[in-house]
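On a predicted model such as this, the values are computed, not experimentally measured, just so you know. Whatever order the structure lists them in is the order used to number ligands and atoms, beginning at 1.
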Amino acid sequence: MTTDSPGILLVLDGWGHAPPGPANMISQAATPHLGALAAGHPATLVRASGDAVGLLPGTVGNSEIGHMVIGAGRPLPYDSLLVEQQIASGRLAGNELLTRTCARLAEGGRALHLIGLCSDGQIHAHVEHVRELLRVAAAIGVRAVWIHAITDGRDVADGTAAAYLSHVEKFAAEAGVGRIASVVGRGYALDKSGDLELTRSAALAMADGVGARVAHALEAVDGAERGDVWVEPSVVVDAGDMPVGTVGDGDAVLFTNFRSDRIQQLADFLVEHLTSRHVTVLSLARYDTRAAIPPLVDRADASGGLADELERHGSRSVRIAESEKFEHVTYYLNGRDARARQVEDHVKIVGEVSPDYLTRPEMNLPLVVDAVAEAAARRDVALVAANLANIDVVGHTGDAAATLLAVQHTDDAVGRICAAARGTGRWVLLVGDHGNAEQMSRPGDDGAPRPYGGHTTNPVPLILVPAPGRGSSGRLRADGTLADVAPTILALLGFPPGAAMSGRSLL
Ligand SMILES: O=C(O)[C@H](O)COP(=O)(O)O
Ligand SMILES: [Mn+2]
Ligand SMILES: [Mn+2]
């Protein structure tokens, strides 16, 4: 059964709401289209962070959980929350896989290697999880724990890597075991664009001690000209210039990121690279790697969402995004279920890719808009679901001027998409997945404002542009969250909310 009220879901990635101000690039930008839509149509703010979406209270939102909750129609306990709960309950310390592996290492005098992003950005990892793992390994008697620290500068302010490395060293001293053996910027270690040369240089520094040689971990970040994201793969060496902690036969590797998408390229590379060394490889949470890596903490069920409901009603959807956000409007919107569905078409806009789009804040938006307009013209398509990546991807550079341009390009694109919707009799629901560009600076330790390109805990705007002739009256509930988006979309399409959805329509 299709629908007589087809529509378009537009996720504006990183589009958060905050009072106007000099650091708010959403309010600073010229956005005539978004301004007119907000003034002339039903609009509200919805919560997109913390417990509203299945994260610890006070935790910034992120694209994965944001798109998962938009799709699921209910808050989902995110992997980071499940890890925190298992630490707090002591279950992680008693995890059978972890304790059995550590016991084998202790008995055989072999080493544990912890590989992960070292910051408290809580998007991909939390450095406090390393503290707990060091404590557990020490308690079981593992005598050598080598930490392969990945520096951030994207989910947290740039220039903070040294502080986080010092935290890690403090945790190791506290536990009585552990030492940093390599330091690599996330630009190398967490590439997800398929650039395996970046992945290889990170992996060889961690596994084989190949890279710039430093006598101490902090040397690797001192004076890193390209910031924390691009700290050159560096290897800590001893007085004899020998790497202190390469991966040896019978060792174990534990990836400490709880989010999969950016670590899986490195994990797959290392699983293959270490095959001959009979290394046990584990991950803190489940990864979508080619290799089967056993997780310490498994993920929550996210089935019964929008994708399942559209399939049940026989309603076709077309998913459209640039490479950076393609998994978000397909895999994550579908609840991390990769099953291909007859009623879904996926359109990945590749275009030109650049490392940070500082010089191309428009990214490949024109191609995205063309694809949305083409899908909107199809009468067999009930829902077009697209992600406009610019505000978040350029926002992560921390460059306010470039981000302002990204917001303006996004506004132009929204204008063109709404014109296509009017021409094809479709409603448009616009929503952010978490905040970013509305807060482009944060006070540093000294209290002075410093550039900040990470996510926020702010609510996100949601605007409903009714289909032509369907009027613009009506108000939207003011207390909503991202969990209410799927029930609202289903109501607009003429369907009831899914049985698994706790969210409720905002109409
Ligand atoms: O991976 C990234 O790009 C950022 O660390 C997180 O951004 P996202 O949650 O918007 O993907
Ligand atoms: Mn996002
Ligand atoms: Mn982001």
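- Under a 4.0 Å N-O distance rule, the pair Asp79/Arg336 qualifies as a salt bridge.
- Around ligand 1 you find Asp13, Asn62, Ser63, Ile123, His124, Arg154, Asp155, Arg186, Arg259, Arg262, Lys325, His328, Asp392, His396, His434, His455, each with a heavy-atom distance below 4.0 Å.
- We find that Arg186 and Asp228 are not joined by a salt bridge, their nearest charged nitrogen and carboxylate oxygen being 4.0 Å or further apart.
- Screening His396, Glu352, Glu324, Glu362 for a side-chain hydrogen bond (donor to acceptor under 3.5 Å, both in side chains) with Tyr357, the sole residue that qualifies is Glu324.
- With Asp484 as the fixed residue, the salt bridge (charged side-chain N to carboxylate O under 4.0 Å, His left out) test singles out one of Arg74, Arg504, Arg47, Arg477: Arg477.
- We find that Asp308 and Arg341 are joined by a salt bridge, their nearest charged nitrogen and carboxylate oxygen being less than 4.0 Å apart.
- Counting only protein N, O or S atoms, the number found under 2.8 Å from the Mn ion (ligand 3) is 4.
- In this structure, Trp427 contributes its side chain and Pro6 its backbone to a donor-acceptor pair below 3.5 Å.
- Remark: the Thr456 side chain and the His434 side chain contain no N/O donor-acceptor pair separated by less than 3.5 Å.
- Of the charged side-chain nitrogens involved, at least one lies within less than 4.0 Å of a carboxylate oxygen, so that Arg131 and Glu128 count as a salt-bridged pair.
- The closest donor-acceptor contact from the side chain of Thr256 to the backbone of Ile115 lies under 3.5 Å.
- Pairing each heavy atom of Ser317 with each of Leu310, the nearest pair is CB-CD1, 4.0 Å.
- No other N/O/S atom of Asp433 lies as close to the Mn ion (ligand 2) as OD2 does.
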